[in-house]
Amino acid sequence: MDNILLKTDGRILSNGKEIKAPIGCLSKYVELEKGYKLLSFFKMINVYKELIEISEVLESLIEIVDKTGLTMKTEIESLLFYKTIEMKGFPGKSGIYIYNSLKGVTDKEIKDLKFFHLEMLLNCELKLGDLNHVVFGDKEDVLSFETFYTLFEIVEGIAWQLSFNFNPLQCSIRR
């Protein structure tokens, strides 16, 4: 399959050449340039405005990012975007659920991002993780597999996950 490279400056390359229209690349597998940050993701959205149509929340997130001056320090060392497959069984009807997650990494520990403002995460390097396989709710014994991500999954998944961290920094309670 033809991979595309997401550059830190927001451009997307296919076979070493910058693409003009990202819509034709939504199903292509993504590689991230070394040093790719969450800010790089928003630079890409600004370069390829058509991608805003993928998620209703992207415009609001871009407004927050555009108003941000200096990015703030945070304890989060990097961001990990990964897939999870969960098998559900007894009691009730069996099922398989597949979803993407965006979490923070600190000292090799995975952290939920719900208490972090978007402005605090922009300078964090974004990494693509493995697929985690959870069998019948046993979160202690998770299998991990190498996987791939499409451009659509990256844009939609990151936008969805960040929609839960929607409060602008100026809305935080100060002591």
Can you check side chain to side chain contact (heavy atoms under 4.5 Å, CB included) on Leu79 and Leu121, steps first, answer last? CA-CA 8 Å; Leu79 298 173; Leu121 302 173; 4.3 Å; yes
Could you go through the side chain to side chain contact (heavy atoms under 4.5 Å, CB included) check for Phe116 and Thr74 one step at a time?
CA-CA 8 Å; Phe116 294 90; Thr74 180; 3.4 Å; yes
- request: Might you work through the side chain to side chain contact (heavy atoms under 4.5 Å, CB included) test for Val105 and Ser78, ending with a clear yes or no?
  value: CA-CA 5 Å; Val105 178; Ser78 63; 3.6 Å; yes
- Task: Let me see the working for Ser40 and Lys7 under side chain to side chain contact (heavy atoms under 4.5 Å, CB included), right down to the final yes or no.
- Result: CA-CA 7 Å; Ser40 307; Lys7 302 279 286 173; over 6 Å; no
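Between Glu18 atom CD and Ser14 atom OG the span is 11.5 Å, to the nearest 0.5 Å. Atom CD1 of Ile98 and atom NZ of Lys83 lie 8.0 Å apart (nearest 0.5 Å). Separating the CG atom in Leu80 from the CG atom in Leu128 is a distance of 8.0 Å, to the nearest 0.5 Å. In this structure, CE in Met87 is found 11.5 Å from OH in Tyr97, a value given to the nearest 0.5 Å. Expressed to the nearest 0.5 Å, how far CG of Asp9 lies from NZ of Lys43 amounts to 7.0 Å. In this structure, CG on Leu102 lies 6.5 Å from CG on Leu126, to the nearest 0.5 angstrom.
Under 3.5 Å, the side chains of Glu33 and Thr8 contain a donor-acceptor pair of N or O atoms.
Closest non-hydrogen pair, Gln161 versus Asn100, comes out as NE2-O, 3.3 Å. Across every non-hydrogen atom of Gly157 and Phe81, the tightest pair is C-CE1, 3.7 Å.
Side chain of Thr150 to main chain of Glu153: a donor-acceptor pair is present (N/O by atom type, distance under 3.5 Å, no hydrogens or angles). Looking only at distances, no side-chain donor or acceptor of Ser101 sits under 3.5 Å from a matching main-chain atom of Tyr82.
Within 6.0 Å of the CD atom in Glu59, the count of heavy atoms belonging to other residues, nucleotides or ligands does not exceed 12.
Inter-residue side-chain proximity for Leu118 and Val65 is flagged as met; some heavy-atom pair is nearer than 4.5 Å. Residues Glu119 and Ile64 are in side-chain contact: their nearest non-hydrogen atoms beyond the backbone lie under 4.5 Å apart. In this structure, Tyr36 and Leu6 have side chains that are in contact, with non-hydrogen atoms separated by less than 4.5 Å. Using a 4.5 Å cut-off on side-chain heavy atoms (C-beta onward), Ile54 and Leu26 make contact. A heavy-atom distance below 4.5 Å is found between the side chains of Leu51 and Met44. At a threshold of 4.5 Å between non-hydrogen side-chain atoms, the residues Ile12 and Leu151 count as touching. Side-chain atoms of Leu162 and Val57, non-hydrogen and from C-beta on, never get closer than 4.5 Å to each other. When side chains are defined from C-beta on, Lys111 counts as touching Ile76, because their heavy atoms get closer than 4.5 Å.
Between Tyr149 and Tyr29, the distance from one ring center to the other does not fall under 6.0 angstrom.
Following chains of ILVMFWY side-chain contacts shorter than 4.5 Å, one can reach Phe41 starting from Ile19, so the two form part of one hydrophobic cluster. Linking Ile, Leu, Val, Met, Phe, Trp and Tyr whenever their side-chain heavy atoms come within less than 4.5 Å puts Ile45 and Val47 in one cluster. The cluster map of Ile, Leu, Val, Met, Phe, Trp and Tyr, joined by side-chain heavy atoms under 4.5 Å apart, puts Ile154 and Leu5 in different clusters. A single hydrophobic cluster is seen to contain both Leu131 and Ile96, as judged by linkage of ILVMFWY side chains at heavy-atom distances under 4.5 Å, directly or through other members.
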